[in-house]
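Following: one structure in structure tokens, then a few remarks.
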Number of protein chains: 2
Amino acid sequence: MKKPTRQRLIEAARELFLSKGYEASSVADVLARAEVNSGSLYYFFKTKEQLLLAVLDEYVDLLEPMVLRPAFERVSDPLDRVFAVLAGYRQMLVMSDCRLGCPIGNLALEMSEKSEVVREKIALNFRNWRKAIRQCLVDARDRLPPDLDRHKLAAFILTVMEGGVMQARVHRSLEPFDASVATLKDYMDRLVEQGTTRPIQQANS
Amino acid sequence: MKKPTRQRLIEAARELFLSKGYEASSVADVLARAEVNSGSLYYFFKTKEQLLLAVLDEYVDLLEPMVLRPAFERVSDPLDRVFAVLAGYRQMLVMSDCRLGCPIGNLALEMSEKSEVVREKIALNFRNWRKAIRQCLVDARDRLPPDLDRHKLAAFILTVMEGGVMQARVHRSLEPFDASVATLKDYMDRLVEQGTTRPIQQANS
DNA sequence: GTCTATAACTCGATAGAC
DNA sequence: GTCTATCGAGTTATAGAC
């Protein structure tokens, strides 16, 4: 059975915005892909931008089932989970021959100056992503330096993912992504080593 | 005196593509900003895409005088120079209230799938950037681990810059950029420490 | 090399019947 | 809620005089 019209529109827009960006995807493209007529789209969404906002709302909802859960089901160690999440983005690069990257990062650079409300929704997506990663760092706090700033490190991990994906797409090669993730791994191994070999740990410090 | 028409067109396009992106900048916008008429633009450039390619060629030429030289003039230590380059991008964020980021990264995500020749020019810009950073790492090789993969680390540094700039623009805040650069600094300090404290260094190793 | 005028088309969005 | 027809503006690009 066909999904409801509104949902079909959001999915079509999501796919198009991911592969071609927002400006380059015309309303007509969305209509064709969703097999919906113009009148119906504008019944559900006042403007094309409202459709984008609905897509970004959906990404907020999809973080858990599409990004976190699949990664967390594969491994249970909190630090491994961080890299399992990153491996998920690698998988997207592999499957698309390095053509598709992070859907949010995509829209981030394109839309940040064009619409405040869109920018704020993208920021929300980033905040939720970092929060999930930060929780992994909290769960692994016994192996990490006690004075570690987990907010900073979570932002850094998102930075590495987005920067690695960007270079992979530009070079159509996994190499820069893998190099970036491997270097992050080296850094975090050093943090753990420091956490492990430091003198007797004090309670409540 | 007014600059030659062709140069005015490239500069106008450069500014517009930086602040609004390629698709969102119309040819009419470029013409107005450059104070040139349609006929002249199409005398120099066969299409809008050819104009973009000329802009990307100019960025290749501008890497040395606009990005590297100003940073390298301020400091001479090769590792400090890496962070001086990053500070240059921070300055761009500061001056634009976190609205303008890396011009190449901007176009990278927007244009990579739309045109192979554009993607290749963007890749060239990235390669040259990494090469300059790699030279800094070569110049500092005595303080870095002997088995360090400088290609990987240079890619990582570009990753950190691009990812940090992206988050800064989305959140309209320097915080994620500063957090990312500070974490990179921490990592590289650890590499130097390892290089410094490692046992008596063997020659030709 | 530069000018004006405009072709040929696509864009987002709307009207109004059903 | 969905359909078709279409508006008006904006798009890239061209023609042809100067």
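In what follows, every chain begins at residue 1, and chains take the letters A, B, ... in the order their sequences are listed. No experiment lies behind these values; they were computed from the predicted model shown.
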B/Lys131 charged N/C atom sitting above B/Phe126 aromatic ring, 6.0 Å / 45°: no

salt_bridge(B/Arg172, A/Glu116) N-O dist < 4.0 Å: yes

Phosphate OP1/OP2 of C/dC11: any A/Ser26 side-chain N/O under 4.0 Å: yes

Short N-O contact, B/Lys152 and A/Glu175, less than 4.0 angstrom: no

Estimated bend of the helix from C/dG1-D/dC18 to C/dC18-D/dG1 (axis per five terminal pairs, rounded to 10 degrees): 10°

Test: B/Lys185 and B/Asp189 ion pair at under 4.0 Å: yes

NZ/NE/NH1/NH2 to OD/OE distance under 4.0 Å, A/Lys3 and A/Glu11: yes

Polar pair under 3.5 Å, donor/acceptor by atom type, side chain B/Ser38, base D/dT14: yes

CA sep, side-chain torsions, deciding dist, call: A/Ile133, A/Leu158, side-chain contact (heavy atoms from CB on, under 4.5 Å): CA-CA 9 Å; A/Ile133 295 296; A/Leu158 178 52; over 6 Å; no

Any pair counted as side chain to side chain donor-acceptor pair (under 3.5 Å), so long as it reaches residues 60-70 of chain B, sequence neighbours left out: B/Glu64-B/Arg69

A/Lys20/A/Asp29 ion pair, N-O < 4.0 Å: yes

Phosphate-side-chain proximity, B/Thr5 and C/dT2, N/O vs OP1/OP2 below 4.0 Å: yes

Residues in contact with DNA chain C, drawn from residues 39-55 of chain B - heavy-atom cutoff 4.0 Å: B/Gly39, B/Ser40, B/Tyr43, B/Phe44

